[in-house]
Amino acid sequence: MGIGALLPKPLVFAAEKRFPALARRRILRAMPQYVMIQTTSFCNAKCTICPYPDTAKELTMGAMADDLFDRIVAECAEAGSAVRQIYPFLMNEPLMDKKFAERVAKIRRAMPTVKVQIDSNLGLLDEAKAEAATEYCDMILVSAHGITKETYEAISIGIPFDRFLANLDLLVRTAKGRRAQVAINCVAKTREHADEVRAFWAARGVLAHVNLFVTHAGNHKSEKMHADGALGGCCNTDIPLNRLNILYNGDCILCCMDWRREVVLGNLGRSTIRETWNSDAYRSVRDKVYGTEMAGPEFLCRRCDCVVQGDYRKFW
């Protein structure tokens, strides 16, 4: 473990931006520490800040087969403490999975000490799903982009604000005395607005983690664009060195910003997690991210505007 693992990530990223050679010294583990599993690619909402309403029309969609899911969980379990966290979602609404309860229970049985997190808009929450989520998950991040009926429903198309608040209250009640922590994940218009947002959710007994809007590496139709085209290592979470992102069909993509599946690095129907994680394709894309191999002008990471904001990084 290098000294970078002991320092706050903003300091590490700032140092690597100034001295790119530092990024090349990072340690690659034989297995990913974090695994995201898209058990279904669908979402029940059409949020205006999300690429999903467009990409759902452009891409093949589906649900993960049981045998593929079981093999992924089994290999993660065999890796022991090497796999630290499982996210049974990826660019989707996890409660859309009809087998949600069964699958989070299966993860917990196979890996009793692994951290499990979901991100949900709660539009489909009911008592049974609340029971499963709070019993088997360690963190439930709740998407809530608005603190009034007007602002919330203008962004979260398809979910009435009153239903959302009722479902949030149900989740918080069910979580009491259980392993799951519940927190709000939201986008604020300005940093000043963030204080108002935190105060609103604190009054309901829920901590809020506030972020500014990003274009998801240009996958969202927006004029906003912060990326400068420079590559100095993944500026948010070191994703290429610690997280595997698995689509419903077994394809492994570079990160959760790759909404249009531009960088596919293998398929778990044809290889194991370990083989894919240590493949030539992954090695090459990591070298591009960290500046040891030339990346073309259209490379996904050149468009990325995702930065460490507030305290959101604690959960990734």
Side-chain angles (χ1 to χ4, degrees), residues 1-38 72 75-76 79 81-87 90-91 214 216-219 226-247 249-308 313 316:
M1 179 182 295
I3 191 172
L6 306 177
L7 297 174
K9 281 193 178 294
L11 293 181
V12 176
F13 297 140
E16 289 176 351
K17 188 170 184 179
R18 185 171 182 181
F19 305 104
L22 292 176
R24 303 168 195 167
R25 296 169 61 90
R26 296 197 172 189
I27 298 173
L28 174 65
R29 296 170 175 82
M31 284 286 286
Q33 293 177 286
Y34 311 99
V35 178
M36 300 195 79
I37 308 171
Q38 187 185 68
I72 291 169
E75 188 174 358
C76 289
S81 60
V83 176
R84 296 171 51 188
Q85 197 149 346
I86 299 288
Y87 304 83
L90 172 60
M91 301 183 292
V214 296
H216 301 270
N219 281 296
H226 287 325
D228 59 8
L231 291 176
C234 184
C235 68
N236 186 26
T237 56
D238 245 358
I239 288 170
L241 292 173
N242 63 33
R243 191 189 312 168
L244 184 68
N245 304 273
I246 309 167
L247 297 179
N249 62 356
D251 282 347
C252 297
I253 57 174
L254 178 57
C255 77
C256 57
M257 296 292 114
D258 192 1
W259 279 80
R260 287 183 166 81
R261 310 169 189 172
E262 297 176 41
V263 187
V264 178
L265 300 167
N267 183 280
L268 297 186
R270 297 187 291 272
S271 61
T272 66
I273 290 176
R274 189 178 295 271
E275 290 168 345
T276 302
W277 185 247
N278 295 283
S279 66
D280 289 342
Y282 243 120
R283 176 201 55 75
S284 177
V285 80
R286 289 186 188 105
D287 287 345
K288 290 177 182 177
V289 171
Y290 291 100
T292 58
E293 183 176 314
M294 183 63 66
E298 298 303 315
F299 185 53
L300 177 75
C301 299
R302 292 196 183 279
R303 306 194 303 273
C304 188
D305 55 353
C306 193
V307 297
V308 173
R313 61 184 180 275
W316 293 89

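Quick caveat, the model's predicted, so the values are computed rather than measured.
- The shortest distance between side-chain heavy atoms of I253 and V263 does not fall below 4.5 Å.
- Considering SG of C76 and CZ of R274, their distance stands at 10.5 Å, rounded to 0.5 Å.
- Within the 3.5 Å criterion, the main-chain N or O of Y34 finds no donor-acceptor partner in the side chain of N242.
- Put simply, the side chain of V285 does not reach to within 4.5 Å of the side chain of P240, judged on heavy atoms.
- Between Q38 and M91 the shortest heavy-atom distance is NE2-O, 4.0 Å.
- Between atom CZ of residue R270 and atom CD of residue E275 there is a gap of 12.0 Å, rounded to the nearest 0.5 Å.
- Checked by atom type and distance alone, the side chain of T272 never pairs as donor or acceptor with a backbone atom of L268 at under 3.5 Å.
- To the nearest 0.5 Å, atoms SG (C255) and CG (L265) are separated by 10.0 Å.
- The distance from atom NZ of K288 to atom CG of L254, rounded to the nearest 0.5 Å, is 10.5 Å.
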Apply side-chain contact (heavy atoms from CB on, under 4.5 Å) to residues R261 and L247 and explain how you reach the verdict. CA-CA 9 Å; R261 310 169 189 172; L247 297 179; 3.5 Å; yes

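- Distance check: N278 CG to R29 CZ gives 13.0 Å after rounding to the nearest 0.5 Å.
- Residues I246 and L90 are not in side-chain contact: their nearest non-hydrogen atoms beyond the backbone lie 4.5 Å or more apart.
- The backbone N or O of Y282 sits nowhere less than 3.5 Å from a side-chain atom of W277 that would complete a donor-acceptor pair.
- A side-chain contact (heavy atoms from CB on, under 4.5 Å) with D258 is found for one member of I239, L300, N245 and no other, namely L300.
- Atom CE of residue M36 and atom CD of residue Q85 lie 9.5 Å apart, to the nearest 0.5 angstrom.
- Among residues two or more places apart in sequence or in another chain, the side-chain hydrogen bond (donor to acceptor under 3.5 Å, both in side chains) test is passed with S279 by none.
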